[in-house]
Amino acid sequence: KTQIKTHTNVSHPLVHTTTMSLSFTSPPRSRSRSRSTSNHTLFRFLFIAIAAILCTHAHARFVSHDLLSDGSDFSVLRLPTDPAVESACEQTYGFLPCTTTVLGNLFLIIVYGFLMYTAATFLSNGSELLLEILGPGIVGGLFLPILGALPDAMLILVSGLSGSAEVAQSQVAVGMGLLAGSTVLLLTIIWGTCVIVGKCDIEDSIALDSTDTRGFSLTGSGISTDIWTSYAARIMVISVIPFVIVQLPQMLNSTSGRHLAVLIGLVISVCLLISYCLYQIFQPWIQKRKLEYIKHKHVILGLLRHLKMRSLGKLLKDNGEPDTDVIRKLFATIDENKDGHLTHGEMTALVVGIQFEEIDLDHDDAVTRIMADFDTSRNQLIDEAEFVNGVSRWLQGAKRSKVQGGDAGAHTVKFLSDFHTETKREHDLLDVGGQGDEATEVVENATWISIKAGLLLLLGALIAAAFADPLVGAVDDFSTATNIPAFFISFIFLPLATNSSEAVSAIIFASRDKRQTASLTFSEIYGAVTMNNVLCLSVFLALVYVRGLTWDFSSEVLVILIVCVVMGVFASFRTVFPLWTSILAILLYPFSLALVYVLDYVFGWS
């Protein structure tokens, strides 16, 4: 029960104010007192919070005319409308609250930011459910990256659509701050945190799964990834090309070609977006082909080692060429029925004794690979000449693939050991395990999961579309009220709203202390930054070009280039990241903020 009392107070002959006091009376007690008390407390909090926002519109106004009196001891005033006060704050959609105060705008940023975080969470959960049903390919390569960047793209879009060109020019700084802030946050704080929480002991340039005995050793503890993660980092570096193109007129001190540079950058950005989505679609096929090649090299190594043990002499001559006489003797020992041909059964008897290291390869698969490579006549038999040629080719290939360390010459054991080292390293980089397990899972209740995924995606998209504009307006109003540039507010706060769900998931996933999870985590980080650099930038450049806005974000672009290139190049050519790399990554975040401030407000960059 709420009682509302009003009274009139005249403390100034020209000012008439009305104050309102609220008093709450507790409801009757019931047996569920704790529940009703909790609900009532929540109602109070929400009511007071909403009232606080709405009351920010209350202003005391001075009257310069039309003073009336009824003869009593106090005056009655008719207050005229003050257009300046009413136009100071504009409600979004005509009903959402707005305010001109610092605390009020801060509260609105928190509320709208939480709603954007909710939208990002719904989109992420819906995407994962969709991926679970439909698998990778078009869903994993096209829809998931776009949906992940949708909240950021929405905020950037509405930042340049509001009002006149002058208003859009001032608010577009919010979009640039979000774009730069998301990229820097992902590659610095989140990247470094994932290294810390996912650290394992490092042995022979590989992090040992679920082994963390060295504590916070800066060099002996860290994470390692596969080669696919390095490829993702290289793609991320390539994705910054549109930033360089748009920035070229400023670098050349030219004003005539800025609009054209924005158009060229937009076209290239869209092309990179399409290329990246196609790569994501076909990546599983590419990965499968490369893993098949590595398995083939394991078969070669296993067979050559087995033949070396069974041979009556060296497989290589003193000059390093294959010893065909020894290989023919091997053929004779394998050909059990002495008919001059090796059948599938005879090759199976040979392969049964081979131990294929580092891979789970059955013997039938190995025999199939050997028959396909040796049987050039395609008659399902291997004659002596085909056997000699096949083994000779494999020996020559193994010699060419040996690691640096001098010419092994006729020392078969030496070059086979080198070939094993290189094959093991390639296998570790390409396959960290677990790829095949997920593909064989059968999803139950696929229909219900599909409906749930669709509802989550729809709800997330609607929330993001509805509250992106109010959030941008609140940031712009907060910037006006505090005299803090809108770029810094959006750089710090907005990425926390749009990337929090992704950040928490990445950190939790990395904390499993496995190389496979580390590879997936960092691949997703690089992928998210790539989508920022192509999709979100495409939206931003389209706004600048269509609305005829001015591109004056030199310092912001420089920060994006520095962070992306440094972290991208660093991750492109190594797969092991000791703990000390996390410190450098995290320090890049305050460095980025300080660099923008110095360039903009000390050197006057634009």
Side-chain angles (χ1 to χ4, degrees), residues 124 128 131 136 140 144-145 148 185-237 280 283-284 287 290-291 294 358 424-438 499 501-531 563-564 566-586 588:
S124 176
E128 291 176 0
L131 180 64
L144 260 62
L185 178 68
L186 288 169
L187 291 178
T188 57
I189 295 180
I190 296 177
W191 193 97
T193 304
C194 288
V195 173
I196 295 174
V197 300
K199 64 183 179 65
C200 299
D201 294 347
I202 297 178
E203 291 287 347
D204 297 328
S205 298
I206 295 178
L208 305 178
D209 287 353
S210 303
T211 304
D212 187 12
T213 61
R214 298 178 181 176
F216 289 90
S217 172
L218 295 180
T219 57
S221 181
I223 61 102
S224 61
T225 61
D226 57 15
I227 194 64
W228 305 104
T229 309
S230 298
Y231 293 162
R234 295 173 189 176
I235 293 173
M236 181 186 69
V237 174
Q280 289 290 90
Q283 184 189 17
Q287 184 174 358
K290 290 194 175 184
L291 288 175
I294 294 299
E358 286 89 30
K424 182 177 183 296
R425 181 181 64 84
E426 291 179 349
H427 179 264
D428 288 336
L429 291 175
L430 288 173
D431 184 13
V432 294
Q435 286 90 341
D437 298 337
E438 298 179 359
N499 295 289
S501 176
E502 186 176 24
V504 172
S505 299
I507 293 173
I508 293 176
F509 203 56
S511 63
R512 297 180 183 179
D513 296 342
K514 290 186 178 181
R515 189 172 174 222
Q516 179 191 4
T517 56
S519 299
L520 293 175
T521 297
F522 286 93
S523 294
E524 290 182 356
I525 290 176
Y526 301 143
V529 174
T530 301
M531 290 303 295
V563 174
C564 286
V566 169
M567 297 300 297
V569 172
F570 184 66
S572 297
F573 299 101
R574 64 181 300 156
T575 57
V576 182
F577 302 96
L579 199 58
W580 61 265
T581 59
S582 66
I583 300 175
L584 295 182
I586 294 174
L588 277 176

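The basis for the numbers below is simple: all heavy atoms, side chains too, and nothing from hydrogens, waters or symmetry mates. In this text the structure is predicted, and so the values were computed from the model without any measurement.
- Counting only heavy atoms from C-beta outward, the side chains of T229 and T575 never approach each other to under 4.5 Å.
- Looking at heavy atoms from C-beta onward, L186 lies out of side-chain contact with W191 at the 4.5 angstrom threshold.
- Looking at D209 and C200, their side chains never come closer than 4.5 Å, going by heavy atoms from C-beta outward.
- The shortest side-chain heavy-atom distance between I202 and V576 falls under the 4.5 Å cut-off.
- The distance from the CD1 atom of I206 to the CD1 atom of I223 is 12.5 Å, given to the nearest 0.5 Å.
- Atom-to-atom distance recorded for Y231:OH and Y526:OH is 15.0 Å, nearest 0.5 angstrom.
- Aromatic ring centroids of F522 and W228 lie 6.0 Å or more apart.
- S224 approaches S519 most closely through the heavy-atom pair O-OG, 4.2 Å.
- Between the OG atom in S582 and the CG atom in L218 there is a gap of 8.0 Å [rounded to 0.5 Å].
- Counting heavy atoms from C-beta outward, L588 and M567 have side chains that approach closer than 4.5 Å.
- When every heavy atom of A571 is checked against every heavy atom of S230, the shortest pair comes out as O-OG, 3.3 Å.
- A heavy-atom distance below 4.5 Å is found between the side chains of I525 and L187.
- Taking R214 as the reference, E203 meet the side chain to side chain donor-acceptor pair (under 3.5 Å) condition, with sequence neighbours excluded.
- Listed here is the closest heavy atom pair of A233 and G568: CB-O, 3.7 Å.
- Considering all non-hydrogen atoms of both residues, G192 and I586 come closest at CA-CG1, 4.1 Å.
- Considering OG1 of T521 and CD1 of I190, their distance stands at 11.5 Å, rounded to 0.5 Å.
- Side-chain atoms of S217 and T219, non-hydrogen and from C-beta on, do get closer than 4.5 Å to each other.
- In this structure, D212 CG and S221 OG are separated by 5.0 Å, a value rounded to the nearest 0.5 Å.
- Remark: K199 NZ to T211 OG1 distance equals 11.5 Å, nearest 0.5 Å.
- The side-chain heavy atoms of F570 and L584, taken from C-beta on, include no pair separated by under 4.5 Å.
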